[in-house]
Amino acid sequence: MLLDTTAINQQRNFFDKHADLWLFGYGSLIWKADFAYLERQPAYITGWARRFWQASHDHRGTPEAPGRVATLIRAPGAVCHGMAYRITPDVLGPLDVREKNGYLREKVPLTFLDHNGGEAGQREGLIYLASGDNPAFLGEASLVDIAHQIANAHGPSGSNREYLVNLAKALRELGVEDAHIFALEKQLEST
Ligand code: SIN
C-alpha cells in the first residue's frame with residue numbers, strides 16, 4: 001500500500017494515560033461506528049472543511065481503481081459537524097488499522113451539541129486526519145470528476161457510492177448543512 005500509518009499512530013499516544021477520550025468522526029466514523037464506545041454526542045470542530053479529496057485503496061477502492069473518501073482541509077472560519085464518541089484508549093488500535101491509508105491521529109478542540117443543537121461544552125478530542133502531504137491525498141477536482149470516480153470505485157468494504165450516500169444521509173439526520181457533500185450527492189445521482 002502507499003503508506004501505512006498504523007505504526008506512526010501508535011507513537012501518537014496523546015491520550016494513552018487517560019481512562020477515556022473523545023474521538024470525533026467526520027466521515028465513515030459518523031455512520032459506521034463498528035467499535036465500542038461509552039457514549040456519543042453530536043459535535044463540531046472549527047477551521048476545517050470536509051472534502052472528498054483522499055484516495056481509498058483499501059476500503060472503497062483498489063490500488064488499480066482507488067475511490068475517494070473524506071478528509072479535512074484547513075478552512076479558516078469553517079465549521080465541520082460530526083459525531084463525537086467517548087472511547088477507551090484501547091479502541092484506537094483497531095481504528096489505526098481501519099484508518100491506515102494516510103490518516104494520522106491529531107488533537108483538536110471539540111464543541112459538543114445538545115439535543116436542541118445548543119452548545120454543550122468543549123473538550124480536547126482526537127481526529128484521524130489525512131493531510132495534504134500524505135501519498136494518498138488526491139486534492140481538488142471538479143464535482144463531475146469526483147462523482148465519476150466514486151461511481152466507478154468498489155473495494156473490500158463495499159462501493160464508494162454507498163460511502164457517500166450514507167454520509168449524506170447521516171448528516172441530514174444530524175440536521176447538518178454541508179454544501180460540498182450535498183452537491184456531490186446530487187452529482188452522483190446523475191452519474
Ligand atoms: C472519519 O470518519 O472521521 C475519518 C475518515 C473516514 O474513516 O471516513
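Numbering of ligands and ligand atoms starts at 1, following listing order.
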Q: Within the 4.0 Å heavy-atom shell around Tyr163, which atoms of ligand 1 are there?
A: 6 (C), 8 (O)
Q: I need the atoms of ligand 1 closer than 4.0 Å to a non-hydrogen atom of Gly27, numbered in the order shown.
A: 1 (C), 2 (O), 3 (O), 8 (O)
Q: Identify the residue among Leu23, Leu104, Leu72, Thr71 that makes a side-chain contact (heavy atoms from CB on, under 4.5 Å) with Tyr128.
A: Leu23
Q: Which residue holds the protein heavy atom closest to atom 3 (O) of ligand 1, what is that atom called, and what is the gap in Å?
A: Tyr26 N, 2.9 Å
Q: I'd like to know if Arg51 and Glu140 make a salt bridge, using a cut-off of under 4.0 Å between side-chain N and carboxylate O.
A: no
Q: Can you tell whether the side chains of Glu185 and Arg172 come within less than 4.0 Å, N to carboxylate O?
A: yes
Q: Mind running salt bridge (Lys or Arg N to Asp or Glu O under 4.0 Å) on Asp20 and Arg86 for me, showing each step along the way?
A: CA-CA 7 Å; Asp20 56 22; Arg86 189 162 66 85; 2.5 Å; yes
Q: Please identify which atoms of ligand 1 are closer than 4.0 Å to at least one heavy atom of Gly25.
A: 3 (O)
Q: From the options Trp22, Tyr44, Tyr85, select the one residue that forms a ring-ring contact (aromatic ring centres under 6.0 Å, His included) with Phe112.
A: Trp22
Q: Within a distance under 4.0 Å of any heavy atom of Glu99, pick out the atoms of ligand 1 and give their elements.
A: 4 (C), 5 (C), 6 (C), 7 (O)
Q: Answer with yes or no whether the side chains of Asn134 and Tyr103 bring together a donor and an acceptor at under 3.5 Å.
A: no
Q: Students should be able to answer this: which protein heavy-atom is nearest to atom 6 (C) of ligand 1, and at what distance?
A: Ser28 OG, 3.3 Å
Q: Check each heavy atom of Arg98 against ligand 1 and say whether those closer than 4.0 Å belong to the side chain, the backbone, both or neither.
A: neither
Q: Looking only at distance, does Ile30 have an N or O less than 3.5 Å from an N or O of ligand 1?
A: no
